[in-house]
K.L.:
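Below is a structure I'd like to ask you about.
Whatever order the structure lists ligands and atoms in, that order sets their numbers, starting from 1. The analysis underlying the following values was restricted to heavy atoms, covering all of them including side chains, and did not include hydrogens, waters or symmetry mates.
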Amino acid sequence: MALVNEHFLKLPNNYLFADIAKKVNAFKAVHPKADVISLGIGDVTQPLCPAVVEAMHKATDEMANQQSFRGYGPEQGYDFLRDAILKNDFLARGIRLDRDEIFISDGAKTDTGNFQELLRWDNSIAVTDPIYPVYIDSNAMIGRAGVKGPDGRWSNVIYLPCTAENGFTPALPRQRVDVVYLCYPNNPTGTALTRSELRRWVRYALENDALILFDAAYEAFIQHDDVPHSIYEIKGARRVAIEFHSYSKSAGFTGLRCGYTVVPKEVSVSTLTGERLPLNPLWNRRQCTKFNGASYVSQRAAEATYSPEGRQQTRQTIDYYMQNAALIRQALTAIGLSVVGGIDAPYLWVQTPRGTTSWRFFEQLLYRAHVVSTPGVGFGPSGEGYVRLTAFNSRERTEEALERIRQFY
Ligand SMILES: *Cc1c(COP(=O)(O)O)cnc(C)c1O
């Protein structure tokens, strides 16, 4: 008899986006003529840029030819991409990393979800609240998160609320924690951490021997100079932080799949007897066992985002989304809603009026403006009273959605 991993049974059945789809579909069934616009999607809409497409065509032709065909690649990724990353994402910002500290993957969800495997089940974990659900759910699957209570909180997770009271900047944990997940610029709040704010986290980790798992998936959307693109811009971070990157949002790779994880050789964890072990060889061992590399075509596509044309074209698409973000911010602020985010990230975190619940406001926007948002409470208890809007729709649809919200107000 095969026994189930009962930790899976503690995960909530309903996935947030399935609930949303159900409500939207029910609305459409009753109002078949309604033209529903989604500002809820966490997915990009603009096509791959020409430089990327050209690189993919070329890579495909190589695969079609006996002489240049490639089978399994290195589990850690091809050197051409690792070197392009070192040069463009790090050296250009004064960060020196070694090639074998970069691990190419098929995306940041995979790696942020899998990295916890290297850590004992009884580590304490802290997360900002609201949060990208992958961090907690992946820990819950091996029993590290405890059980989910009726208030939506997991019993073994330390929540760091990000609320209007603290300007959506999490306070340091009052107790020592072993592992902290940080995602900046943030999904879902769209807020960023300044250099001095991130420095406090690195200092906390150094002083408390904590590990920071830093998700930099939205790094490319940063507009301000005082917001670091990488945690390694902070002195000491390479001793305490792992960093996750993705081409999904920055270059439209959500369907193509490519990302990477930085595991500096200096980051170490402890055995029960106090011996220090570096995480880099452990992650390498894990990847070599369970991962056979990202596809050659995807890696050539990712490399192309760093060519002069690739950089200019991806920048253009990011600017397009960020102009949507600015329009959403202006329009909602003008009708009296409180909005944060949308400045260094493609997300806007909108406070519901007069204490309306997240789901109620979601329904109002859907029923009256035919606009889909994402209820903030779906991202954690501190998300109650907010909805998340995204800048990923087209300009025309975004403007149309804003006009309708204005009218419903
Ligand atoms: C979209 C997103 C990612 C990217 O995931 P991929 O697997 O690379 O597509 C990672 N982290 C956060 C917080 C995200 O919102």
K.L.:
So is there a nitrogen or oxygen of Tyr347 less than 3.5 Å from a nitrogen or oxygen in ligand 1?
P.N.:
no

K.L.:
Decide whether Asp344 and Tyr184 meet the rule of one side-chain donor and one side-chain acceptor closer than 3.5 Å.
P.N.:
no

K.L.:
Within a distance under 4.0 Å of any heavy atom of Gly107, pick out the atoms of ligand 1 and give their elements.
P.N.:
7 (O), 8 (O)

K.L.:
Return a yes/no value for Ser246: is any of its N or O atoms, backbone included, closer than 3.5 angstrom to an N or O of ligand 1?
P.N.:
yes

K.L.:
Side chain, backbone, both or neither: which part of Tyr218 comes within less than 4.0 Å of ligand 1 when only heavy atoms are counted?
P.N.:
side chain

K.L.:
Determine whether the aromatic ring centres of residues Tyr218 and Tyr347 are separated by less than 6.0 angstrom.
P.N.:
yes

K.L.:
Is a salt bridge present between Arg276 and Asp209, judged by a nitrogen-to-oxygen distance below 4.0 Å?
P.N.:
yes

K.L.:
Please determine whether a side-chain nitrogen of the Lys or Arg among Glu6 and Lys10 lies less than 4.0 Å from a carboxylate oxygen of the Asp or Glu.
P.N.:
no

K.L.:
Have a look at Asp215, Thr112, Ile131, Val134 and point out the one with the heavy atom closest to atom 13 (C) of ligand 1.
P.N.:
Asp215

K.L.:
For Tyr135, counting its heavy atoms only, list the atoms of ligand 1 lying under 4.0 Å from any of them.
P.N.:
13 (C)

K.L.:
Check this for me: does any side-chain nitrogen of one of Glu101 and Lys265 sit under 4.0 Å from a carboxylate oxygen of the other?
P.N.:
no

K.L.:
Looking at residues at least two apart in the chain, or sitting in another chain, which of them share a ring-ring contact (aromatic ring centres under 6.0 Å, His included) with Tyr132?
P.N.:
Tyr135

K.L.:
Would one find an N or O of Cys183, backbone or side chain, under 3.5 Å from an N or O of ligand 1?
P.N.:
no

K.L.:
To check your reading of the model: name the closest protein heavy atom to atom 5 (O) of ligand 1, its residue, and the distance in Å.
P.N.:
Lys109 N, 3.5 Å

K.L.:
Which of parallel (below 30°), tilted (30 to 60°) and perpendicular (above 60°) describes His370 and His31?
P.N.:
tilted

K.L.:
Between the candidates Lys249, His245, Arg257, which shows the shortest non-hydrogen contact distance to atom 3 (C) of ligand 1?
P.N.:
Lys249

K.L.:
Between Glu219 and Arg93, does any side-chain N to carboxylate O distance fall below 4.0 Å?
P.N.:
yes

K.L.:
Students should be able to answer this: which protein heavy-atom is nearest to atom 9 (O) of ligand 1, and at what distance?
P.N.:
Ser248 OG, 2.6 Å

K.L.:
Quick one: which ligand 1 atoms are inside 4.0 Å of a heavy atom on Ala217?
P.N.:
3 (C), 10 (C), 11 (N)

